[in-house]
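Both counts, for ligands and for their atoms, begin at 1 and track the order of listing.
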Amino acid sequence: MDVEGGQATLFVTPARQSLLIDTGWPGNEGRDSERIVAAARKAGISKIDYVLITHFHQDHVGGVSQLAARIPIGTFIDHGENRETGNAATVRDFQAYQAVLATGKYKHITAKPGDVLPIKGMRATIISSDGALIDKPLAGAGEENPVCKGDEQYPADTTENMRSVGTFMQFGKLNILDLGDLTHDKEMQLMCPVNKIGKVDIYVVSHHGWAQSGSPALVYGIAPRVAIMDNGARKGGSPSVWDIIEKSPGLEDLWQLHFPEEGGAGHNAAAEFIANPDGPDAAHDLELTAHPDGSFEVFNSRTQKSKLYPAR
Ligand SMILES: [Zn+2]
């Protein structure tokens, strides 16, 4: 869903179970939660079974109370405590989330790397949480990553971003990766010297396509067929990240929720791959339909056109 540079990504399995990764921003009279509920209705569900909060920044956890007021939720999943206690917005939104949990109406899972979520109809494995990472490669992964070079080094991030809950989803032959806002130094630990994740079909672009995430070691290591970027008009979509994705070996298309002003004409996909090319408020979304044979389609709700990616 388009939540204007935050994250809200809904997965619905053939078993009619649902996983929502993040809830968008607070405020705006419930704008983001209403967009999420509309997407859930369109997908034919009246309850969200699992809401996974990647980390406690306001563009991810901020929409929880508004969402909980609008649709039944089964279980919340997160990385545990807020570690960013010096940031007033983070503290406020974490407390609002804790108040929702304290109603006792919801189950709660503290995610640990290696956990497999109990969602039916796909296999969702946690690969990062609270700064910890899987200590051994996922099944089928573990090859040396040829993109790792000594010169790709990044400072240690100390914000909530590096604590993001990252999830690797498998549906039949299809692999999808969503790392929330996980930052460069954690990417390097996951991808170098060996690639602990393996290859993916669909990369939900980390951190809205901002320059603190999405290193060559990650993107070229996972080698996605399709990247989907949850950027806003004025948030995310950094030209450096766009360049890395566009040059990724094997990439077929990059889809974007917005035309980011930061990128300008030289660093944006063609209009047919952008849900909202003209400003912030049209709220068009990108919908992916996956098939167990590994084929999938991406549908742009603005153009009403979809593109098929055949199984390989
Ligand atoms: Zn974010």
Side-chain angles (χ1 to χ4, degrees), residues 1-11 19-28 31-33 35-36 51-67 76-80 82-84 86-94 96-97 111 126-131 154 157-167 176-187 203-215 218-219 227-242 244-245 255-258 260-263 275-276 280 283 285-286:
M1 282 77 75
D2 175 30
V3 291
E4 311 295 344
Q7 181 166 7
T9 314
L10 179 66
F11 297 86
L19 167 68
L20 175 71
I21 298 188
D22 289 326
T23 61
W25 299 87
N28 304 307
R31 176 197 69 193
D32 292 354
S33 55
R35 291 179 182 180
I36 293 165
V51 174
L52 186 154
I53 303 296
T54 59
H55 63 299
F56 302 124
H57 279 162
Q58 62 177 160
D59 55 320
H60 299 260
V61 73
V64 165
S65 26
Q66 292 174 335
L67 185 68
F76 283 95
I77 303 163
D78 59 50
H79 74 60
N82 169 38
R83 313 285 184 190
E84 201 178 283
N87 181 325
T90 308
V91 169
R92 182 197 61 215
D93 291 327
F94 179 72
Y97 171 43
I126 302 297
I127 60 173
S128 66
S129 181
D130 199 20
Y154 303 95
D157 179 20
T158 56
T159 70
E160 267 286 314
N161 291 323
M162 71 87 161
R163 301 186 181 279
S164 289
V165 177
T167 312
I176 305 176
L177 182 67
D178 187 320
L179 297 176
D181 288 358
L182 201 74
T183 29
H184 280 144
D185 55 324
K186 292 293 171 189
E187 293 176 354
Y203 167 47
V204 180
V205 174
S206 294
H207 212 168
H208 326 287
W210 241 344
Q212 301 95 326
S213 306
S215 58
L218 173 70
V219 178
I228 299 180
M229 187 158 75
D230 50 6
N231 63 305
R234 281 173 289 280
K235 183 158 175 280
S238 299
S240 58
V241 172
W242 195 89
I244 290 167
I245 295 171
W255 294 79
Q256 304 172 197
L257 277 177
H258 275 269
E261 291 172 7
E262 192 188 339
N276 301 283
D285 60 15
L286 295 170

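- Between the side chain of H55 and the backbone N or O of R163, no donor-acceptor pair lies under 3.5 Å.
- Between D2 and R35 there is a salt bridge, since a side-chain N of the basic residue sits under 4.0 Å from a carboxylate O of the acidic one.
- Tally of protein N, O or S atoms closer to the Zn ion (ligand 1) than 2.8 Å: 4.
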- Any chance you could lay out the side chain to side chain contact (heavy atoms under 4.5 Å, CB included) test for Q212 and D157, step after step, and finish with the verdict? CA-CA 9 Å; Q212 301 95 326; D157 179 20; over 6 Å; no
- Query: Checking side chain to side chain contact (heavy atoms under 4.5 Å, CB included) for the pair L52/L19: CA distance, chi angles, key distance, verdict?
  - Reply: CA-CA 7 Å; L52 186 154; L19 167 68; 4.0 Å; yes
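- The nearest pair of heavy atoms linking L20 to A8 is CD1-C, 4.4 Å.
- Listed by chain and number, the residues in a salt bridge (charged side-chain N to carboxylate O under 4.0 Å, His left out) with D59 are K235 (sequence neighbours excluded).
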